[in-house]
Amino acid sequence: MKMLKKLLTKGFRGFPIATIAYYGPDDQNATKVTVGIVTEKNAQPRILKRWFNENSDIRKDRITIEEIIAFIKENKAKSVVMVDRIFGCPHEEGADYPEGSKCPKCPYWAIRDRFTGEIVQ
């Protein structure tokens, strides 16, 4: 975790940028992490990789953190940014549940804005 924190504290050093976001069934337990590699300003991630851990908080999984660091280095990211909280449900609309509906496995997020965590219903 120390190495990941070190990468995060370097600030913007140019592109490519690695973006890190954690997802979970609620705002306390992360079960998924997604790392994207963005190669230029205003672009979508060129490469996206996901890791999952249903048994424990993935933020504390040493092996996953080591794999994230290796992925960032492999893709020669000059900058690393991370969302400061769990960023919503780990399930994907259209893949894990129907488009336009709420995830049936994550009632916590069904009534919350994932950007703020505030109740919207």
Side-chain angles (χ1 to χ4, degrees):
M1 188 66 174
K2 189 186 279 189
M3 180 61 175
L4 187 56
K5 284 184 182 181
K6 185 177 178 182
L7 291 173
L8 288 162
T9 59
K10 289 183 176 183
F12 182 72
R13 299 169 61 121
F15 289 91
I17 297 175
T19 62
I20 303 171
Y22 290 97
Y23 301 87
D26 57 41
D27 67 341
Q28 300 298 309
N29 186 39
T31 57
K32 172 184 174 182
V33 59
T34 301
V35 180
I37 304 297
V38 179
T39 56
E40 58 190 47
K41 188 175 180 177
N42 299 323
Q44 293 294 318
R46 179 178 52 84
I47 302 168
L48 194 65
K49 186 164 182 180
R50 298 170 182 93
W51 289 264
F52 301 88
N53 186 333
E54 297 289 329
N55 300 317
S56 63
D57 195 319
I58 201 163
R59 296 173 293 181
K60 298 173 185 168
D61 183 335
R62 183 183 53 79
I63 293 169
T64 300
I65 292 167
E66 288 172 1
E67 289 179 7
I68 289 169
I69 292 166
F71 178 74
I72 290 168
K73 289 180 177 181
E74 251 172 54
N75 287 285
K76 299 176 177 49
K78 293 180 182 174
S79 306
V80 181
V81 295
M82 183 171 73
V83 177
D84 66 350
R85 66 178 91 56
I86 293 177
F87 197 56
C89 168
H91 306 100
E92 296 182 27
E93 186 176 359
D96 297 318
Y97 60 94
E99 290 277 344
S101 64
K102 301 197 185 277
C103 178
K105 295 181 182 177
C106 298
Y108 179 86
W109 293 109
I111 60 168
R112 286 183 172 75
D113 180 301
R114 73 180 183 145
F115 294 99
T116 66
E118 294 177 10
I119 293 176
V120 292
Q121 273 187 340

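L48 is not connected to I72 by any chain of hydrophobic side-chain contacts under 4.5 Å among Ile, Leu, Val, Met, Phe, Trp and Tyr, and they are in different clusters. Hydrophobic clustering (ILVMFWY, side-chain heavy atoms < 4.5 Å, transitive): M3 and W51 are in one cluster. The cluster map of Ile, Leu, Val, Met, Phe, Trp and Tyr, joined by side-chain heavy atoms under 4.5 Å apart, puts Y22 and F52 in different clusters. Note on Y108: it does not cluster hydrophobically with Y23, by side-chain heavy-atom contacts below 4.5 Å among ILVMFWY residues.
Between the CZ atom in R46 and the CD atom in E40 there is a gap of 10.5 Å [rounded to 0.5 Å]. Note that the CG atom of L7 and the CD1 atom of I68 stand 11.0 Å from one another [nearest 0.5 Å]. Atom CD1 of I58 and atom OG1 of T64 lie 4.0 Å apart (nearest 0.5 Å). Atom NZ in K6 sits 6.0 Å away from atom NZ in K10 (nearest 0.5 Å).
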Cut-off 3.5 Å, no hydrogens considered: what does the side-chain donor-acceptor table look like for residues 74-92, sequence neighbours left out?
| residue | atom | partner | partner atom | Å |
| --- | --- | --- | --- | --- |
| N75 | ND2 | F71 | O | 2.9 |
| S79 | OG | R13 | N | 2.7 |
| S79 | OG | G14 | N | 3.1 |
| S79 | OG | G14 | O | 2.8 |
| R85 | NH1 | F115 | O | 3.2 |
| R85 | NH2 | F115 | O | 3.4 |
| E92 | OE2 | K32 | NZ | 2.9 |
| E92 | OE2 | R50 | NE | 2.9 |

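Nearest heavy-atom pair, D61 versus I63, reported as atom, atom and distance to 0.1 Å: OD1-N, 3.1 Å. Here the closest heavy-atom approach between residue F12 and residue I17 is recorded as CE1-CD1, 3.5 Å.
Using a 4.5 Å heavy-atom threshold, the side chains of P25 and T31 count as touching. With contacts defined as side-chain heavy-atom distances shorter than 4.5 Å, the pair T39/F15 does not qualify. In this structure the side chain of P45 never reaches within 4.5 angstrom of the side chain of I37, judged on heavy atoms. Looking at heavy atoms from C-beta onward, K105 lies out of side-chain contact with Y97 at the 4.5 angstrom threshold.
Take D57 and apply the salt bridge (charged side-chain N to carboxylate O under 4.0 Å, His left out) test, not counting sequence neighbours, and it matches R59.
Proximity of a side-chain donor or acceptor of W109 to a complementary backbone N or O of G24 within less than 3.5 Å is detected.
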